[in-house]
Amino acid sequence: MAYKFFDIEKKWQSYWAANKTFKSQINSEKEKFYVLDMFPYPSGAGLHVGHPLGYIASDIFSRYKRLQNFEVLHPMGYDSFGLPAEQYAIQTGQHPDITTKENITRYRQQLDRIGFSFDWDREVRTSEKNYYKWTQTIFISIFNSWYNTEANKATPIDELLLLFAASGTENVKAQCSEELTFTANEWNSKSAEQQYETLLNYRMAYLSESEVNWCPELGTVLANDEVKNGVSERGGFPVEQKKMKQWSLRITAYADRLINDLDGIDWPESIKEIQKNWIGKSQGALVNFAVKDHADKIEVFTTRPDTIFGVSFMVVAPEHELVQKITTTDQKAAVKEYIEVTSKRSERDRMSDVKHISGAFTGAYAIHPFSGIEIPIWIGDYVLAHYGTGAIMAVPAGDQRDWSFATHFKLPIPNIFEEADLSEGAVEGKDAVVCNSDFLNGLKAKKAISLAIYELEKAGVGTKKINFKLRDAGFSRQRYWGEPIPVYFKNDLPYVLDAKELPLELPEVDKYLPTKNGEPPLARAKNWTTKEGHPLETNTMPGWAGSSWYYLRYMDPNNTTELFSQEAVNYYKQVDLYLGGAEHATGHLLYVRFWTKFLNDLGMIPFNEPAKKLINQGMIQGVSKFVYRLDGTNTFVSKGLIGDRKVASIHADVSFVTGDVLDTEAFKNWRVEYANAEFELENGAYICGSEVEKMSKSKYNVVNPDELIERYGADALRLHEMFLGPIEMHKPWNTKGIDGVSRFLRKLWALYHNDTEEFSVSDEAPSKAALKVLHKTIKAIQDDMDRYSFNTTVSHLMICVNELSSLKCNHRAILSELVVLAACHAPHIAEELWSQLGNDTSVSYATFPKFNPEVLVESSHSYPVSFNGKMRFKLELPIGMDAKAVEEKLLCLPEAQKWLDGKAPKKIIYVNKKIINVVL
RNA sequence: GCGGAUGUGGUGAAAUUGGUAGACACGCUAGACUUAGGAUCUAGUGCCGUGAGGUGUGAAGGUUCGAGUCCUUUCAUCCGCACCA
């Protein structure tokens with residue numbers, strides 16, 4: 001029987017499905033291992049060869065762990081709420097649920113053909129009500145919690161009620177929207193509704209006015225990454241900032257823990273770094289500056305309180321609430337004009353145009369807290385309203401931005417550092433010695449900072465403060481295709497639904513667009529109220545809600561009474577290996593850590609990080625092909641013949657191109673406008689240009705895995721994707737090399753079959769040489785697997801098969817171990833050979849071959865002999881030979897004499913089993 | 001500007017602790033078998049050189065008997081952040 005991959009793959013895929021081969025169950029006899037892929041959003045375009053890369057790697061690892069007798073949990077599902085389905089619905093009127101289901105069916109078919117070992121009984125879909133019911137439940141838990149900053153954990157809101165009733169705010173340290181102070185008496189004299197309203201200030205899910213990107217033309221709210229340079233990415237329509245009541249979650253309460261716990265997890269350094277930057281912790285002080293002739297104070301945040309005597313002006317953000325109050329009459333016009341100009345620029349514009357210095361003087365003065373000197377207060381857009389306090393004390397001697405501002409507006413630059421030259425710029429380092437600074441003179445930054453804070457606190461004008469860039473997570477989307485937020489309003493106050501009312505199902509609407517007055521699509525639903533008639537929340541949850549806990553639901557996906565059972569979560573625990581793209585560094589990977597910590601605080605799970613180990617698989621890029629049309633003609637010029645002529649480069653579909661050569665007939669048949677195309681050929685061929693770009697439909701560089709599977713088989717695709725290079729690197733797709741792995745599979749098959757294609761293995765004892773090859777491979781593959789080096793595992797399998805082929809080895813003892821070694825990578829052919837070897841169970845649960853080091857023990861070693869570090873010849877010597885004996889033996893050799901060239905060696909380095917180096 | 005990653009043949013890459021650079025594969029060259037080849041097999045293939053030999057891991061220094069690997073400086077590409085006080 002020849003190697004017919006098509007039949008073999010179909011046969012075993014049906015076998016696995018029929019026998020539920022990869023079903024995972026809680027098994028106290030076995031240690032668990034949880035391998036998770038970031039689940040996909042099922043887009044309408046289907047899979048291209050880049051998508052399965054990570055799935056193949058994780059599948060290989062799952063299979064490896066099964067062979068090592070772990071109880072492997074390896075599930076898959078769909079992140080099925082999302083914008084594209086909704087956009088499609090807006091355009092076509094098709095319900096997103098229908099298109100989503102169609103897309104999922106297509107995805108599933110494509111996934112199934114690759115031979116993954118998923119436990120499909122555990123599939124989850126975030127858009128199914130039996131899943132989002134529990135997403136809503138978690139939201140309610142968050143709403144019903146407050147963050148105790150003293151205990152440093154989320155706590156049920158009921159406890160806060162008791163604290164307020166007993167002692168008011170006195171002993172309460174809580175993360176809240178607004179610092180409130182009241183006594184127990186004051187609390188207890190409030191009405192129930194007043195108490196409820198006050199409590200909203202402390203809940204971990206809260207409503208607040210915040211800005212959204214509203215695009216009137218599209219009639220929808222856009223995410224930040226859908227807005228490019230102030231206009232919508234799609235369509236290029238203007239986008240406005242609009243204030244809306246939005247739900248937010250207090251992720252900022254976890255800022256410190258989100259940074260600190262990074263130390264305990266094995267994630268790529270780059271991801272950790274990105275998360276740290278995103279959270280943006282900075283330590284410093286809050287300082288109050290009194291405003292001359294006003295009762296108000298300006299509060300600033302600074303990381304350099306040591307430079308406080310260098311303050312020569314203040315800058316507040318144009319949006320700062322005090323600006324209107326303190327601006328003097330003569331400056332009113334200038335300030336008004338400046339605010340108008342800046343308000344037209346979006347935050348993004350302001351950020352992208354950093355060099356341009358602008359500002360206006362308010363006419364008001366602040367009083368220096370120590371020296372009492374009057375300091376002019378300016379407004380300037382380099383101070384951002386949302387960071388810190390929206391105001392700074394400007395120290396031009398110590399901060400380059402302040403220096404530039406001062407220079408531009410000819411403000412004084414008082415020196416506060418010894419031996420400083422301030423003519424070219426500020427002194428930003430922390431090594432300068434402070435001077436002209438009263439009690440701080442003679443100190444360097446480190447000591448001066450703590451002394452300055454001490455003095456500020458003593459004088460009652462400042463406090464130590466840790467500031468974070470991280471903002472609370474917006475949790476409202478003015479969209480249809482998302483989880484409804486289980487909230488209703490009574491007297492304008494938000495209340496969560498009772499658990500028994502869940503799931504709050506997504507209602508039917510006539511259109512997937514906002515209403516005329518800009519309310520979200522859910523406002524179109526009929527009777528969108530509770531039974532009592534209270535209006536329901538019309539926002540839906542953001543895309544990241546469902547994905548923030550899906551890894552937990554996989555552990556117990558069909559539980560109808562709770563999120564997951566304690567039994568399941570205590571058995572499967574954290575994800576051991578998580579694979580997915582690095583683009584989720586500050587989104588999903590931060591939110592999933594946040595929810596994990598929250599659920600841990602409430603005692604629902606026994607761990608506080610979702611995944612022990614994270615690997616970011618690299619992106620597979622497309623190689624786009626270009627043809628060049630002479631301007632104003634229908635003539636296409638081969639790349640080498642363009643010269644100085646003006647041409648337009650046009651993407652040609654990669655399927656028309658072999659190597660660099662275009663199939664001109666296929667190109668002409670592609671589109672009507674190319675039917676009469678003419679070609680200028682070089683050496684009889686049309687040569688295309690190429691460029692590495694993102695793999696995408698619009699660039700006509702998509703390679704579809706289905707076609708490759710048809711031609712080469714799933715095993716070949718799996719091997720080829722791994723063989724492309726290290727899993728975490730970006731790399732352009734290259735179909736060409738797939739012939740190599742395809743040849744390998746046929747060679748592997750040939751080891752088990754004779755010239756007439758009949759299965760034929762020998763039961764005789766294998767040769768020493770063959771055993772050596774096998775055990776060398778066992779060791780290599782095991783080592784490679786343990787460091788996730790999947791590309792080299794493929795090479796080692798190839799080397800093994802090549803060597804066994806040249807040894808003409810067909811011994812059962814060797815081949816039945818080899819088939820297990822190959823089973824993770826090429827499971828279909830492995831199952832077939834395993835069954836031909838006479839096994840009646842799946843190779844998936846075989847035992848990974850045990851490495852026997854004794855087989856590899858050598859009595860001699862072929863030493864490379866170097867002279868001055870350059871390898872000249874080899875010398876076979878017994879292992880463990882005495883250095884002196886080696887030296888004597890070596891120097892007698894004619895080869896050595898030649899390189900010694902009559903000189904006596906200065907030194908001879910001899911490292912057992914490694915090398916000999918002669919120093920001349 | 002700051003932070004991170006990556007630079008090795010014609011191509012994808014390998015070299016786990018410093019110890020034979022280029023394994024494995026694609027491609028290419030030559031040969032065999034063949035009616036045919038996008039099949040298979042054999043041999044070769046970093047570069048320069050007919051050769052002996054020289055040279056070679058982005059560049060330049062350094063440490064070492066020995067450096068792709070360690071240190072310093074530098075260049076290029078990619079990614080992330082970006083007036084963060």
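From a predicted model like this one, the values you see are computed outputs, not experimental measurements.
- Side-chain atoms of A:Asn912 and A:Tyr863 form a donor-acceptor pair, as typed in the model, at a separation below 3.5 Å.
- A side-chain N or O of A:Ser624 and one of A:Asn701 form a donor-acceptor pair less than 3.5 Å apart.
- At the heavy-atom level, A:Pro726 lies under 4.0 Å from the strands shown only through sugar-phosphate atoms.
- Place A:Asn868 and A:Lys874 on RNA chain B by their nearest nucleotides, and A:Lys874 ends up nearer the 5' end.
- Considering only the side chain of A:Thr303, B:rA85 comes nearest among B:rC81, B:rA85, B:rA25.
- For the C1' atoms, the distance linking B:rU35 with B:rA43 amounts to 26 Å, nearest Å.
- Within the 4.0 Å cut-off from OP1 or OP2 of B:rC41, not a single side-chain nitrogen or oxygen of A:Arg746 is found.
- At the phosphate of B:rA14, OP1 or OP2 sits under 4.0 Å from a side-chain N or O atom of A:Asn791.
- A gap of 37 Å separates the P atoms of B:rU6 and B:rC41, to the nearest Å.
- Checking B:rG4, B:rC65, B:rU16 against the side-chain heavy atoms of A:Asp783 singles out B:rU16 as nearest.
- The residue A:Lys736 sits close only to the backbone: its heavy atoms come under 4.0 Å of sugar-phosphate atoms, none of a base.
- Ring-plane geometry between A:His584 and A:His588 is classed as perpendicular, the angle between the planes exceeding 60 degrees on a 0 to 90 degree scale with a lower cut at 30.
- Within 4.0 Å of A:Ile799, counting heavy atoms only, lie sugar-phosphate atoms of the nucleic acid but no base atom.
- For A:Asp381, whose side chain is taken as the heavy atoms from C-beta onward, the closest listed nucleotide among B:rA23, B:rG4, B:rC83 is B:rC83.
- Among the atoms of the strands shown, none is found under 4.0 Å from any heavy atom of A:Asp784.
- For A:Asn917 against B:rC65, a side-chain-to-base donor-acceptor contact under 3.5 Å is present.
- B:rU69 and B:rG56 have their P atoms separated by 14 Å, with the value rounded to a whole Å.
- Among the nucleotides B:rA21, B:rA14, B:rA25, the one closest to any side-chain atom of A:Lys747 is B:rA25.
- Taking atom P in both B:rG51 and B:rG27, the straight-line distance is 27 Å, to the nearest Å.
- The side chain of A:Lys469 sits closest to B:rC81 out of B:rC83, B:rA15, B:rC81.
- Taking atom P on both B:rA25 and B:rU42, the two are 11 Å apart, rounded to the nearest angstrom.
- OP1 or OP2 of B:rC24 has not a single side-chain nitrogen or oxygen of A:Arg743 nearer than 4.0 Å.
- Taking atom C1' on both B:rC70 and B:rC79, the two are 27 Å apart, rounded to the nearest angstrom.
- The aromatic rings of A:Phe851 and A:His775 lie tilted to each other, with the angle between the two planes from 30° to 60°.
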